[in-house]
There are 4 protein chains.
Amino acid sequence: MAARRKSNILDIVSINDGTPGATATQTVQPGRRGRPRSARVRAAVVRAAAQLTRSGGPTAATVDAIAKRAAVSRTTIYKWWPSSAAIVLEGLLDSVGDPINAPPGSSCKEALEHHLRALNAILTDTTTGPLLRDVVAAAAADPAMTRAVLDQWLHPRRAALAAIVRQAVAHGEIRDGTDVEVIVDALVSPPYYRLLFALSPLDDAALNDLLDTVWHGCRRSDALP
Amino acid sequence: MAARRKSNILDIVSINDGTPGATATQTVQPGRRGRPRSARVRAAVVRAAAQLTRSGGPTAATVDAIAKRAAVSRTTIYKWWPSSAAIVLEGLLDSVGDPINAPPGSSCKEALEHHLRALNAILTDTTTGPLLRDVVAAAAADPAMTRAVLDQWLHPRRAALAAIVRQAVAHGEIRDGTDVEVIVDALVSPPYYRLLFALSPLDDAALNDLLDTVWHGCRRSDALP
Amino acid sequence: MAARRKSNILDIVSINDGTPGATATQTVQPGRRGRPRSARVRAAVVRAAAQLTRSGGPTAATVDAIAKRAAVSRTTIYKWWPSSAAIVLEGLLDSVGDPINAPPGSSCKEALEHHLRALNAILTDTTTGPLLRDVVAAAAADPAMTRAVLDQWLHPRRAALAAIVRQAVAHGEIRDGTDVEVIVDALVSPPYYRLLFALSPLDDAALNDLLDTVWHGCRRSDALP
Amino acid sequence: MAARRKSNILDIVSINDGTPGATATQTVQPGRRGRPRSARVRAAVVRAAAQLTRSGGPTAATVDAIAKRAAVSRTTIYKWWPSSAAIVLEGLLDSVGDPINAPPGSSCKEALEHHLRALNAILTDTTTGPLLRDVVAAAAADPAMTRAVLDQWLHPRRAALAAIVRQAVAHGEIRDGTDVEVIVDALVSPPYYRLLFALSPLDDAALNDLLDTVWHGCRRSDALP
DNA sequence: TGTTAATCGAGACGGTACGTCATGTCTTCTA
DNA sequence: TAGAAGACATGACGTACCGTCTCGATTAACA
């Protein structure tokens, strides 16, 4: 999180997880004085939070419950994370990985399609979907979480999609003049909306319809079908 | 809420609010023995919840705080509402009124446009927007709230919009085959998405772009511009 | 306690302990609005605190432990007592009862002797002694407890003894001019001192010696032996 | 402390405090390998503990606070002292010095008087009094501290006084038969009692009264005034 | 005109989670 | 070997809010 009060675990690189080679490539201070941070703690906490959220919803993922399930001290958790929602967000980021990028050599429409399908898969997935729903709910009550969600989740993903759209505009496949952000919204918001309101998820056919509608709707009026 | 444990105030009709004529048209039980329910209480509670949510976010609208601000006993609140979020939802419904219907004699596109603008106005409004955001967040943790939001907020409004879209299909203005629900999603979800993620709201131009894109995208391919 | 932040349980009179007749003689407000206070709670808490202090010392009598042993909610305890030491003090006062008064018709010296023996018995007793030691220790860290100990324990007992001494002065049994408070100190402080430093308690012979020494030391110089 | 788990600093003699001559007379292990213990650390820790106790009471003198104020690592403190109270006791002993001995050539009564005045001065002093009060309070919760207080504070001082009293008995100034310990108690306990209960301290006049009373009370009955 | 049945208010109580503080142990690096 | 730096577990703290409960006070319709 950007607005977090404490140094975030994500910034930590020198974790003695037995694979120092991997982390050593990053900026590891060789002369770290005190006891090194335990990798077990971070992993266990994040995993516990994810499991609790999935099984019992946001209410279940309290700091207390996470601490108990992860067999980690509550104090330690409070040292590294500002709230349980921050842990859940971290677990979400962990399990999702980097923003989607389309397979090389794909057309703009194919790239859009790939992106949208991948996003829908994440939001629909029973592993990641509930985490995101919880995180967004927590953001409603906590400005720091709002910032974190935007900075670490939403904006990077929107940016990737917006780049594709802009490319399509440059290629002349989409008529200029339409607000790129609006196109991104039209494509991206339905899956979120369905998740956050607990509506039935978009299936493949619906996704196709959505893509076709938006793509067709913003093509150059003089373009051939 | 469907799954609520207690009779919901929304079901109540006989409130001695001084205007018995209006409520009397509804199904008032004539032979209610004891002391009638106070309209002052309901109004004060709902108003207090809305004010607290607006000023301090969901965290501020606790039952205790609502009781204190409304000068109503906590016991009374628990008697009529299952949770503070339920109160907020009620306040939201109060301040929004009935689902939007377009001015008579308007075309399908005009009706869609009117509906979308009205919805965006509600979600953007500083009075109602925060209430909805709070309610949706609460729904993530409470299945009863999820049901309530769907039944009392989302489905009625979707239905109104879907009816217009279906009419457009019937009129041949929109090509058949496209999933009506998808079109509704494409139109409706962006404002929600922007609200729930605390993004900047859609302005008029963006709304026009959105409408144009979707309308253009789902018109019959052979239709004239 | 005088400096207590909340109304003290000792002030409460209308406790529905099943014997309303007894308490009804005191100033019971008939129209107490809310749920009446449970007598079980007070008794259980005070007893638990005393037991824990006796068996495990001051460290054992935490609010948590008291709550668990008394089967009373921590919240309820915090509502009525400012600290665990305050509970222990209350238990001490309960088990000791009112300040000592000598049997009627006794001489001044007999009254002093009676008082001192009774005090030593209390401080030596395994039931009350540890409670007092704990309370005094807590007072070292908490000004409110200091005040409470003085107001509710020490001053009343000193006053009773000082009254006897002053009477002896009036009767001419003790020479005038000596500071009454000093005589009280000389008599009273040795048992306290032995308790607080965990020295072996004063036995009967030592008590006699002490009484004789002080009595003899402050008699009128011209008095006959 | 006898029952302490770690070697206590009080036992330590080889501190390189720049005055090796003084400490070298004591049992210094000559062949101590590795880095010698820092005198700066001991001094800073003890001083910090004393200052914190004086300014903020026993609550303020936590190990953490001492470490921070002394600019010494917590680990180091835990290595040498079993508890913060042990540090405070050490500071008390440091600042008080050896047990009092009367000026040479003084009579028994003068020696007693000198001793009592010196004791009262220590207990009344704002530098040492709070330390002792804190230490006694800690002893109530910690048997090791109880032992330490007795062995290092109370017993040596009582012994010195008892020796004077016994001498007075031998000189025939005090009647035989009275328990020496009781006389010591009668003299010594009032100042402690006043300190531990936070009563106003004994002034010079009160001290004179006390001395006179006890001295007069335990003189031989046939002795001349 | 009571009687009856409900609402409403006041407050006690049990319970859960919070976020913090202090303790004491352990691990690593540096002097 | 001493000391510094820091991670970690443990346990108690005092608070906030929740939801339930037990009363008394109030208010209407009904008998």
Side-chain angles (χ1 to χ4, degrees), chain A residues 12 14-16 29-38 40-41 59 61-67 71-80 82-84, chain B residues 5 16 30-38 40-41 59 61-67 71-80 82-84, chain C residues 12 15-16 29-38 40-41 59 61-67 71-80 82-84, chain D residues 5-6 16 32-38 40-41 59 61-67 71-80 82-84:
Chain A
I12 299 280
S14 72
I15 295 193
N16 65 346
Q29 294 94 326
R32 300 263 297 161
R33 287 274 291 209
R35 174 176 174 175
R37 179 157 175 208
S38 154
R40 184 213 131 234
V41 161
T59 324
T62 67
V63 174
D64 278 19
I66 294 169
V72 163
S73 167
R74 272 161 27 80
T75 320
T76 302
I77 294 182
Y78 280 114
K79 180 171 191 180
W80 296 110
S83 66
S84 59
Chain B
R5 305 187 305 280
N16 63 346
R32 297 272 289 168
R33 286 272 289 204
R35 175 176 175 177
R37 181 167 174 198
S38 153
R40 183 217 133 230
V41 162
T59 323
T62 68
V63 174
D64 278 20
I66 295 170
V72 163
S73 168
R74 275 169 12 90
T75 319
T76 304
I77 294 181
Y78 279 113
K79 181 168 194 181
W80 296 110
S83 67
S84 57
Chain C
I12 299 278
I15 294 193
N16 65 345
Q29 295 93 325
R32 300 262 296 161
R33 286 275 292 209
R35 173 177 174 175
R37 179 158 176 206
S38 153
R40 185 213 130 233
V41 162
T59 324
T62 66
V63 174
D64 278 18
I66 295 169
V72 163
S73 168
R74 271 160 29 79
T75 320
T76 303
I77 295 182
Y78 278 114
K79 179 171 194 180
W80 296 109
S83 66
S84 59
Chain D
R5 303 187 307 280
K6 320 183 176 183
N16 64 347
R32 297 272 287 169
R33 297 259 292 197
R35 175 175 173 178
R37 180 168 174 198
S38 154
R40 183 218 134 231
V41 162
T59 323
T62 68
V63 174
D64 277 22
I66 295 170
V72 163
S73 168
R74 275 166 16 89
T75 321
T76 305
I77 294 181
Y78 278 115
K79 180 169 194 179
W80 296 109
S83 66
S84 58

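Numbers restart at 1 for each chain; the letters A, B, ... are given by sequence-line order, proteins then strands.
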- request: Taking only the side-chain nitrogens and oxygens of B:Thr76, find out if one of them lies under 4.0 Å from OP1 or OP2 of E:dG9.
  value: yes
- request: Verify the contact: side-chain N or O of A:Arg35 to OP1 or OP2 of F:dA9, cut-off strictly under 4.0 Å; return yes or no.
  value: no
field: C:Arg40 side chain near E:dG14 phosphate (N/O to OP1/OP2, under 4.0 Å)
entry: yes
message: At 4.0 Å (heavy atoms only), tell me whether D:Ala61 reaches a base, stays on the sugar-phosphate, or touches nothing.
response: nothing
Listed nucleotide nearest any side-chain atom of C:Ser38, set E:dT28, E:dA10, E:dC13: E:dC13
Inter-end axis angle, the helix from E:dT1-F:dA31 to E:dA31-F:dT1, with every axis fitted to five base pairs (rounded, 10 degrees): 10°
message: So B:Ser84 and B:Ile66, do their side chains get closer than 4.5 Å, heavy atoms only?
response: yes
- request: By nearest nucleotide on DNA chain F, pick out whichever of B:Ala65 and B:Thr75 is the more 5' one.
  value: B:Ala65
message: On the nucleotide E:dC8, are OP1 or OP2 found under 4.0 Å from the side-chain N or O atoms that B:Trp80 carries?
response: yes
message: Go nucleotide by nucleotide along DNA chain F from the 5' end; which of C:Arg74 and A:Val72 gets its closest nucleotide reached first?
response: A:Val72
- request: Report the residues that fulfil side chain to side chain contact (heavy atoms under 4.5 Å, CB included) with B:Thr76, sequence neighbours left out, ordered by chain and then residue number.
  value: B:Val41, B:Val72, B:Ser73, B:Trp80
Side chain to side chain contact (heavy atoms under 4.5 Å, CB included) against C:Arg35, all qualifying residues, sequence neighbours excluded: none
task: Compare side-chain N and O positions of D:Lys79 against OP1 and OP2 of F:dA2 and report whether any pair is under 4.0 Å apart.
output: yes
- line: The nucleotide from E:dA22, F:dG3, E:dG15 with an atom nearest the side chain of C:Ser73 is E:dG15
